[in-house]
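Since the structure is predicted, the reported quantities are computational estimates derived from the model, not experimental observations. Along the sequence shown, the residues carry numbers beginning at 1.
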Amino acid sequence: MPARSAEEKARRKKEFEERKAARRALKEEKLTNERLNGKGREEKSNETVNELCLTEDVYLKVGDKECHLVMLPEETMYLVLCYLPARDLGAVVMTCRTVNYALAECRISYLFSRLCNRKFGNSIVDQNSNYISHGSKNRMIKADIFMCAGLDDVRMLIEHSLKRGGNTGRLVTKKSKKSKGDADEFISYARFVEEAVSGNSILKSRSDTNEQILLPQTVNGRFASTSPEHTICRIGGDGSKSGAGGSGVASWGIGKRGQLGHGKRKDESQPRMLIGGIGYGIRIVQVSAGGGLVRVAHSLLLTEYGKVLSFGNAQYGQLGHGYSEGKQLSDTLRPRYIDSLADYTCTCVSAGELHSAVVTTDGDLYTWGDGFCGQLGHGDKRPQLLPMQVTEGDLGDECVLSVSCGNRHTISVTEDGDVFSFGLGHFGALGRSYTPYEYHTDSTIAGFENLDENDENEENAFHDGPEVLLRPNPNNAIDDETRDRLNLLANLTLDDRSNQCIPMPIDSLHGIFIVGASAGHRHSLLLDSQGGVYSFGTGSGGALGHGNRSKQQYPLKIMKFDNLDIHIIQISAGVDISMAVSSTGDVYAWGKTVGGRIGIPQQNSTGNDDVLVPTLVSLDDANGVKVKAIDVECGYVHSLIVGLDGTIHICGGVGIDGNDDGQQRVDGDLQKGLPSQVRDFNIWHRLKEPSEKTKIVKWEKYGKYELKGRRKMMSEAEKWGI
């Protein structure tokens, strides 16, 4: 086909411009007719919306009229922007530069409206009918949030949030580099603050209804989670789609059991981002680190679509993947989706020592893993390799809101504010009375005592066990040591109807609306709607906060918070340690102080200086500036504090690569039990997509022959006579 001449090109271009002008005139005439006919704004068709265009004067126009949003007075526009949720605000900013520049001016007012004089959990998104709340909207913590004294504090917080954390490698927009406003980066921080203060995180829906589900307001693992061996934390976020690298997760600590998710059984001293296994553009909304003192550990992740991933040790079936090929329980070193939960949308996850649990949007509770102490709630002690719904007891008729897995017990909170507990009740961690396990030893001992010393069937009677353990003494009696060993052996039965294996309500909390729970190693914490904290279980180290080390079998309110008019919004229970965050952003801790594990300096080296009542923790950044907190997580020898500016502060430390546990040295100096900030780390900073380095494989020689590509072979065609 011959090339077009210049005249032909000019003619075709002219015709194109004429047709374009005719279409524009037709559309403008249509818009004018609609306005004359009195059609309202809500009745305009999608074609009208598509006519919104960005002019050179950075104003939105509909036809020849300016958009109503940019026509508003400046102060009115600021109020409208402050009303929008951070997620919707990001969508508006992406479509209009005028709004973007306006937001750069009203950022202080926007954050101030969320950090001061606001009820915790009273999120602006609750008023939007497109959001489905998982739980009663009227049941929130009735505590006023007051984390900034004034506009100057908010202005300083915005400046520090960009710089604090060190060299995090955050992505900086061109607008910020040219000093024309950094509202683009502000959206990421606004989403972080709104999620932390309102307590609400949003799940996306893949259905045609486009419904977005609000997660429970008070749960462990909203931003970070700790186990006795490792720490896992959310990181990154571009403000609209996903976290850093599509995963938004970093982990560090002991990795011998694959619980770090990096694909290797290797310890990590610093946070390292997860790569692979999650999927591109998938945002993580909750993390949970499980494990105990038996040197097993695993981790759970909850995505924005309500899907669950697990990785780590699978010895007891706690990953929920079932048997692998060859009927083995193989460890998983990278995140892997739990196929059994593919048809469910989950809103809460929790990893215990040897078991795991999730809550679905229907309010159902699923558990799996080791059930030797009844912590799965299925009415027996049998293990479950795949998620199984809990239907025993009265919990089957309840709508579960959240769940927390402890060492050998589980606590669930319903939408009606009731609390159900099940598992090992020996230490009082269930908060209720319970019946003992059915050991079935009486019949065993009765037959045991009737045996004659010279009975010919004696050998057959004890063929299943060593004689040194089970043979009766010459007096035909059972001594105490043998009886204890028999009890231990008899406890190996998996059929047990003790109510420790059945979810039962904590009746002593009748009339008290509970909104959150945290199950620790041997004790538990509860949070009510008034910001009060209740504790029960073992009092070792003063972990209950009542001023003593006594065991408490039933929930007892910690009165120091009431006496000082302190309202709590987040709680965490670990191994003989406890921490909480108040509505003013202050951190309180109590329990053991050895190695600086709760951020309070140890007074002496004897280890007897436990903190018996909640005590204020001094939280400063690297420059000595006070930092407000939004979340806490307790482990065994360390704990973690999340700052309002996105920084992470570690109390104590986990010994890696064979080193001792305890607080680590920074620049050669021990921090004397105070929290230390994690270097080059900030949760909300936008980061570059991580990628693994691929090794370039060169052509290898095999004897005198060399494997070459086709292009190289063809370039040497003459040489080879091809």
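Note on residues 530-561: pairs passing ring pair (Phe, Tyr, Trp, His ring centres under 6.0 Å), not counting sequence neighbours, are F561-Y588, F561-W590. Identified under the salt bridge (charged side-chain N to carboxylate O under 4.0 Å, His left out) test for residues 402-411, with sequence neighbours left out: E353-R408. Judged as a salt bridge (charged side-chain N to carboxylate O under 4.0 Å, His left out), the pairs with a partner in residues 633-653 (not counting sequence neighbours) are, in order, R164-D645. The stretch residues 531-541 participates, sequence neighbours left out, in no salt bridge (charged side-chain N to carboxylate O under 4.0 Å, His left out) pair at all. Identified under the ring pair (Phe, Tyr, Trp, His ring centres under 6.0 Å) test for residues 404-436, with sequence neighbours left out: none.
Looking at residues two or more places apart in sequence or on another chain, you find a salt bridge (charged side-chain N to carboxylate O under 4.0 Å, His left out) between D562 and K557. Residues satisfying the side chain to side chain contact (heavy atoms under 4.5 Å, CB included) test with C106, not counting sequence neighbours, are Y78, L81, L103. Listed by chain and residue number, L365, T367, V403, C405 satisfy the side chain to side chain contact (heavy atoms under 4.5 Å, CB included) test with A357 (two or more places apart in sequence, or in another chain). Under the rule for a salt bridge (charged side-chain N to carboxylate O under 4.0 Å, His left out), the partners of E392 that lie at least two apart in sequence or sit in another chain are R497. Applying the salt bridge (charged side-chain N to carboxylate O under 4.0 Å, His left out) rule to K560 yields no partners; only residues at least two apart in sequence or on another chain are considered. Under the salt bridge (charged side-chain N to carboxylate O under 4.0 Å, His left out) criterion, D586 pairs with K628, sequence neighbours left out. A289 is linked by a side chain to side chain contact (heavy atoms under 4.5 Å, CB included) to S225, S227, H230, I232, counting only residues two or more places apart in sequence or in another chain.
R432 and D507 are not joined by a salt bridge, as no carboxylate oxygen comes within less than 4.0 angstrom of a charged side-chain nitrogen. Salt-bridge check for D610 with K592: failed, with every basic side-chain N at 4.0 Å or more from each acidic carboxylate O.
Side-chain polar atoms of H649 and T647 form a donor-acceptor pair below 3.5 angstrom. Between H523 and S578, the side chains place a donor N or O and an acceptor N or O closer than 3.5 Å (distance only, hydrogens not considered). S356 and H298 share a donor-acceptor pair across their side chains, judged by distance under 3.5 Å alone.
With a 6.0 Å cutoff to the six-membered ring centre and a 45° limit on the axis angle, R114 counts as a cation-pi contact of Y110.
Side-chain contact check for I158 versus L111: some heavy-atom pair is nearer than 4.5 Å. By the 4.5 Å heavy-atom criterion applied to side chains, R597 and C651 are not counted as neighbours.
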- Item | Pair T168-D680, side-chain hydrogen bond (donor to acceptor under 3.5 Å, both in side chains): steps then yes or no | CA-CA 4 Å; T168 61; D680 302 333; over 6 Å; no
